Number of protein chains: 2
Amino acid sequence: MIRVLLAEDQAMVRGALSALLKLESDLDVVGCAADGEEAWQLTQRAALDGNGPDIVVTDIEMPKLTGLELAQRIREREIGCKVIILTTFARPGFLRRALDAGVSGYLLKDAPAEQLAEAIRKVHRGGRAIDPQLALEAWSGDDPLNDRERQVLRLAGEGMSAGDIAGQLHLSQGTVRNYLSEAIGKLGVSNRIEAYRLARQKGLL
Amino acid sequence: MIRVLLAEDQAMVRGALSALLKLESDLDVVGCAADGEEAWQLTQRAALDGNGPDIVVTDIEMPKLTGLELAQRIREREIGCKVIILTTFARPGFLRRALDAGVSGYLLKDAPAEQLAEAIRKVHRGGRAIDPQLALEAWSGDDPLNDRERQVLRLAGEGMSAGDIAGQLHLSQGTVRNYLSEAIGKLGVSNRIEAYRLARQKGLL
DNA sequence: ACTTGCCCGTGACAACTGTCAGCCGGATAG
DNA sequence: CTATCCGGCTGACAGTTGTCACGGGCAAGT
């Protein structure tokens with residue numbers, strides 16, 4: 001019996017995926033989480049009790065903690081469970097960061113439903129399940145942005161001013177503007193809005 | 001037995017929803033479509049054979065034919081089956097257009113999974129199933145923005161400067177800034193980025 | 001110890017943004 | 001006809017943004 005934990009913010013989709021996996025006799029859905037933070041709590045707590053999930057299937061874009069951050073944390077704290085990313089976005093940057101975060105699988109929501117159970121089994125056997133089309137693209141374009149630039153850009157994209165961002169990240173306003181300027185330059189655009197859009201589109205956020 | 005047809009472009013989600021509905025003993029998933037056009041073909045053909053679906057559950061954003069267009073067509077050709085929209089987007093503008101197209105239900109993918117089956121039954125009995133939170137907004141929050149403000153905001157949201165926008169719309173730079181200022185004020189935010197995000201989120205663009 | 005690189009910060013400057021008060025011409029209505 | 005509204009424009013002002021040059025601190029290599 002493979003123990004699976006599901007993290008996905010859209011309740012309807014979460015419930016439906018759960019129903020899908022419950023049809024498989026060798027899979028056991030031991031938990032569902034509506035955001036990354038909840039998934040982390042559940043995983044960690046269960047792991048301490050010795051009945052943690054074998055596989056975490058997670059979306060990327062979720063409130064509080066993204067799927068990528070969740071994967072990273074699971075690896076850092078050595079929880080010992082595998083992670084499969086299940087997302088809408090075929091962005092090379094996402095896949096790359098997912099691999100850096102040590103995930104074992106990366107599936108698209110566009111893929112046929114049967115692939116999910118198959119991927120879970122494959123990963124559980126110690127294999128990897130990476131969408132083949134995407135795997136190719138991932139090593140072509142490279143990611144110019146560093147962590148700070150990403151953070152700052154993300155906040156700027158939500159409409160925060162340099163001052164706001166500085167407050168939130170405990171930096172000075174000038175530094176924030178420098179990072180933004182850097183990011184704008186690296187991406188070859190002319191203001192923060194375009195930088196945000198481009199970075200987002202390329203999956204660099 | 002309620003006959004249901006499912007239209008949703010993401011294969012994984014489509015399969016999962018299908019699994020979810022198959023758990024209900026009084027529901028029968030008689031077809032799945034990956035886009036609006038396919039859903040229309042299936043619905044129409046089955047209707048001619050006298051075994052058309054009672055309910056079509058459809059996403060909005062799909063290739064070829066959107067869920068809204070599908071709903072409209074089903075009503076125009078008097079197929080005689082009900083439509084339930086199932087979408088990510090809580091935009092009052094979408095709901096309004098959906099109602100105009102004669103749909104019987106409008107659910108969010110954020111809603112709990114159980115609601116889908118309930119909504120289907122309710123609509124089959126002749127009722128309506130509109131997300132209550134959304135229903136309020138749709139007729140309360142009426143659109144504060146005028147055409148110019150919308151245009152300008154849309155372009156600003158793509159990263160264009162006041163000067164760029166002025167060029168594109170054949171206005172003066174100052175006028176563009178005035179419109180932006182107006183829009184920012186009406187939406188109660190503090191810069192163009194937030195204004196864009198809010199307007200977009202409310203479906204006003 | 002010395003470079004090299006990175007992170008964070010400063011100060012200054014030009015450009016852009018957001019706000020406001022007010023002008024003009026056309027349409028509409030009383 | 002005149003009053004009023006509306007779309008568009010202007011000019012001015014303070015605040016924010018984008019750029020640049022530069023300085024200090026810290027870590028890793030050499």
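Since we're looking at a predicted model, the values are computed, not measured. A, B, ... follow the sequence lines: proteins, then strands. Residue 1 opens every chain.
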### Task
Would you kindly check whether a donor in the side chain of B/N178 faces an acceptor in the base of C/dC20, or vice versa, at under 3.5 angstrom?
yes

Send over the distance from [X] [atom1] to [N] [atom2], rounded to a whole Å.
| X | N | atom1 | atom2 | answer |
| --- | --- | --- | --- | --- |
| A/E194 | D/dT17 | CD | P | 16 Å |
| A/L145 | C/dC6 | CG | C1' | 16 Å |
| B/R177 | C/dC16 | CZ | P | 10 Å |
| B/D147 | D/dG8 | CG | C1' | 15 Å |
| B/I184 | D/dG15 | CD1 | C1' | 13 Å |
| A/R150 | C/dC7 | CZ | P | 11 Å |
| B/Q173 | D/dG11 | CD | P | 12 Å |
| B/N146 | D/dG8 | CG | C1' | 12 Å |

Using a cut-off of less than 4.0 Å, is there contact between a side-chain N or O of [X] and OP1 or OP2 of [N]?
| X | N | answer |
| --- | --- | --- |
| A/R148 | C/dC7 | no |
| B/S181 | C/dT19 | yes |
| B/S172 | D/dT10 | yes |
| B/R192 | C/dT17 | yes |
| A/Y179 | D/dG18 | no |

### Query
With a non-hydrogen cut-off below 4.0 angstrom, is A/T175 in contact with a base, only sugar-phosphate, or nothing?
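The residue A/T175 makes base contact.
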
### Salt-bridge criterion met for B/R14 and B/D59 (N-O under 4.0 Å)
no

### Query
Any side-chain donor-acceptor pair under 3.5 Å between A/Q151 and A/R154?
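Their side chains do not contain a donor-acceptor pair, so the 3.5 Å distance test is not met.
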
Could you check which of [options] has an atom nearest any side-chain atom of [X]?
| X | options | answer |
| --- | --- | --- |
| A/S161 | D/dG18, D/dG8, D/dT17 | D/dT17 |
| A/N191 | D/dT17, C/dG9, D/dG18 | D/dG18 |
| B/L180 | C/dG18, D/dG18, C/dC7 | C/dG18 |

### Task
Could you tell me the separation between the CD atom of A/E194 and the OG atom of B/S161, rounded to the nearest 0.5 Å?
9.0 Å

## Note on the structure
Closest non-hydrogen contact found for B/N191 with A/G159 is ND2-O, 2.7 Å

### Task
Return the minimal non-hydrogen interatomic distance between B/I2 and B/I55, and the atom names on each side.
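The answer is CG2-CG1, 4.0 Å.
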
